[in-house]
Number of protein chains: 2
Amino acid sequence: MSRWEPNARERLAKAALELYSERGYERTTVAEIAKQAGLTERTFFRHYADKREVLFDGSNHLQDLFVKAVGEAPPSAAPIDVVAAALEAVSEVFVDRRPFARKRQAVITANAELRERELIKLASLSAALTEALRLRGIAEPAASLTAEAGIAVFRVGFERWVAPGEERPMWPLMREALAALKAVTAGA
Amino acid sequence: MSRWEPNARERLAKAALELYSERGYERTTVAEIAKQAGLTERTFFRHYADKREVLFDGSNHLQDLFVKAVGEAPPSAAPIDVVAAALEAVSEVFVDRRPFARKRQAVITANAELRERELIKLASLSAALTEALRLRGIAEPAASLTAEAGIAVFRVGFERWVAPGEERPMWPLMREALAALKAVTAGA
DNA sequence: CTGTCGATGTCAGTAACTGTCATCAACGCT
DNA sequence: AGCGTTGATGACAGTTACTGACATCGACAG
């Protein structure tokens, strides 16, 4: 018999999302989250660096997926097609996650601090993508710009995918966004 | 004779940049900044919403410049050319600001909280750009993607412009970044 | 049976940020 | 000249995010 209930980290993440949804991020204290999870405030900060981070536990996983997909693309593929392949691979793991994503995104969108954190996670993703593209022999600034463009497509596609009423799967939305970007940068 | 020294806001911004540069952002307290400026901590928070915002006083001005330049582009110009024109206009105002920009950027790059704030300012810029493009009749998602692409170019170009040893003016660097983006999204 | 380990609790402390009230030069009005 | 208002600042108390240090005690290896 264990001394404590297992899965402290997951309990904290769940409690945080619930409370942020109900009362709003700002009117929720860390002490309340910890109490809801049957823990203390100090333990919360042992699992998450700060009050925002608890909503971004999956971002490392997402980043790994992107990098892995880039690494597995055919060697001959053009940079933009590598990114497209990564977007397709990533889209798959979001199937069945839309209800959770919507709840989480509503919380993030409602608070500036959380939007900041989301942006730096996307920037980190972009940096990892840049590095993965460079490993394929793509030079700067093409690598950075391809990565930034890919993240821009991901952002726009994701926004539409979580939008209320939207029911199409993620990949077609990403493909549309990518096509729109290509059309726009083509010049006229 | 005035009751207080004038330009409290500017004094605070100057003191903050100096102290952040010398000791680092985290080891500087708001009380120290205020004291250096001959004011109190409470007054600091009357001028700036938080400890980060004091480094981003100019971002509204930059945003206005972007929007204004988009509005003044020839009506027949393609979206990407409108953004290019805006980048050129914006580049002009950075002449003579490179030493200041380098000092400020060094502080921001060294701290995650400040990078977050910088990212949300760029996101706000992107949103304003999107709106300005929509006012020209450009539909979604082309407007968003053009704006995001423009900001990506600005980011890459700016990064090179502030890099140590770089002496070329801003606009050629922006032009190069834009050309690289076009090359990359063209598909190869 | 015993010693180490690891997750948690407890507690004190710092600093960012906020609400509230007081102060007092400047300024306009009579 | 007198006087009420205004606006920028100071003073001060309070909340809460976050950190460091030390204590606790089941699990587990030997």
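Quick note on labels: first sequence line is chain A, next is B, and so on, each numbered from 1.
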Between A:E32 and A:T28, is any side-chain donor less than 3.5 angstrom from a side-chain acceptor? no
Rounded distance (Å) that lies between atom P of D:dT9 and atom CZ of B:F44: 13 Å
Tell me what B:R27 touches on the nucleic acid: a base, only sugar-phosphate, or nothing, going by heavy atoms under 4.0 Å. nothing
Please tell me which of the listed nucleotides, C:dC17, C:dT8, C:dG19, lies nearest to the side chain of A:H47? C:dT8
Please state whether the base of C:dG6 and the side chain of A:R46 form at least one donor-acceptor pair under 3.5 Å? no
At under 4.0 Å, does any side-chain N or O of A:T40 touch on OP1 or OP2 of C:dG9? yes
Rounded to whole Å, how long is the line connecting atom CG of A:D50 with atom P of D:dT19? 8 Å
D:dG7 C1' sits how many Å from B:R42 CZ, rounded? 15 Å
For C:dG9, does either OP1 or OP2 sit under 4.0 Å from a side-chain N or O belonging to A:T43? yes
Under a 4.0 Å N-O cut-off, is there an ion pair linking A:R155 with B:E148? yes
Any idea which of C:dG9, D:dT19, C:dC17 is nearest the A:F45 side chain? D:dT19
Atom pair distance, as rounded to whole Å: CH2 in A:W4 and C1' in C:dT10: 13 Å
A:L39 CG to C:dT8 C1', straight-line distance once rounded to whole Å: 8 Å
Nearest-neighbour nucleotide for the A:R52 side chain, D:dT16, D:dC18, D:dG10 considered: D:dC18
Quick one: B:N111 CG to C:dA16 C1', roughly how many Å, whole number? 14 Å
CZ of A:R97: more than 12 outside heavy atoms within 6.0 angstrom? no
Residue met sooner reading DNA chain D from 5', once A:T28 and B:E5 are mapped to nucleotides: B:E5
Identify which nucleotide among C:dC11, D:dA11, C:dA7 has an atom closest to any side-chain atom of A:R3, counting heavy atoms from C-beta outward. C:dA7
Using whole Å, report how far CZ of B:R9 lies from C1' of D:dA8. 14 Å
Rounded to whole Å, the OH-P distance (B:Y25 to C:dA15) equals 13 Å
Tell me which nucleotide among D:dC18, D:dT16, C:dT10 gets nearest to the side chain of A:K51. D:dC18
Aromatic plane relationship, B:F94 with B:F158 - under 30° parallel, 30 to 60° tilted, over 60° perpendicular: perpendicular
From C-beta outward on B:E41, which listed nucleotide comes closest to its side chain: C:dG9, D:dT16, C:dC17? C:dC17
Remember a base hit wins even if backbone is also touched, and classify B:A31 as base, sugar-phosphate or nothing at under 4.0 Å, heavy atoms. nothing
Within 45° of the six-membered ring axis of B:Y20 and under 6.0 Å from that ring's centre, is NZ or CZ of B:R104 located there? no
